[in-house]
Q: 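Sharing a structure, written as structure tokens. Questions coming.
Along the sequence shown, residues carry numbers from 1.
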Amino acid sequence: MSSFKTLDEEAHFRDTHDVSTLLKDSNTPLSELPLLEKEKEELISVRIQKTLKKKLQTIARARGIGPTTLARMWIIEKLSAVS
């Protein structure tokens with residue numbers, strides 16, 4: 001995603017668009033990614049083992065995103081698959 005001028009610009013894009021499609025096909029044009037809901041109004045807490053958290057952090061870091069963003073992307077992807 002080198003089309004962003006700054007990290008803040010990329011972070012804002014990822015916060016406002018459903019980037020889960022990129023997990024399946026990284027060649028998807030950014031212009032085709034749908035917008036997310038305007039604001040995240042709900043919060044859930046999920047308790048996981050320390051080893052799973054570390055694995056999530058490692059994978060997220062490798063993709064240049066935060067672990068909560070990656071978890072949210074995976075939840076959206078899974079829910080989209082069962083809908």
Side-chain angles (χ1 to χ4, degrees):
M1 290 200 198
S2 61
S3 61
F4 299 104
K5 295 176 185 169
T6 66
L7 287 177
D8 285 339
E9 185 179 311
E10 182 175 359
H12 180 263
F13 180 86
R14 288 178 178 270
D15 285 344
T16 58
H17 289 77
D18 179 1
V19 295
S20 62
T21 303
L22 296 176
L23 294 173
K24 296 175 190 169
D25 180 7
S26 61
N27 294 320
T28 302
L30 297 180
S31 61
E32 291 183 15
L33 298 178
L35 286 170
L36 293 173
E37 295 176 16
K38 290 195 180 224
E39 291 185 34
K40 297 170 193 80
E41 298 174 350
E42 297 293 325
L43 174 69
I44 63 170
S45 296
V46 179
R47 294 192 182 276
I48 60 174
Q49 294 85 356
K50 192 175 204 176
T51 55
L52 292 178
K53 181 181 176 187
K54 286 183 178 185
K55 190 172 184 177
L56 181 66
Q57 290 172 321
T58 300
I59 294 168
R61 191 176 310 114
R63 295 179 182 196
I65 58 177
T68 55
T69 300
L70 180 59
R72 185 172 46 252
M73 287 169 49
W74 284 349
I75 290 169
I76 292 167
E77 180 181 302
K78 187 66 173 180
L79 290 174
S80 296
V82 297
S83 302

Q: Please list all pairs passing the ring pair (Phe, Tyr, Trp, His ring centres under 6.0 Å) test where one or both residues lie in residues 15-35, with sequence neighbours left out.
A: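 Output for this query lists Phe13-His17.
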Q: Working to the nearest 0.5 Å, report the span between CG of Leu22 and CZ of Arg14.
A: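 It comes to 7.0 Å.
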Q: Cluster partners of Leu43, using ILVMFWY side-chain heavy atoms under 4.5 angstrom, listed by chain and number?
A: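 Via sub-4.5 Å side-chain contacts, Leu43 links to none.
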Q: Only distances under 3.5 Å count here; give the side-chain donor-acceptor pairs of residues 53-82 to other protein atoms, sequence neighbours excluded, each with its distance to 0.1 Å.
A:
unit_1 : atom_1 : unit_2 : atom_2 : d
Thr58  : OG1    : Lys54  : O      : 2.9
Ser80  : OG     : Ile76  : O      : 2.9

Q: With a 3.5 Å cut-off and no angle check, do the side chains of Thr6 and Asp8 form a donor-acceptor pair?
A: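 Short answer, no.
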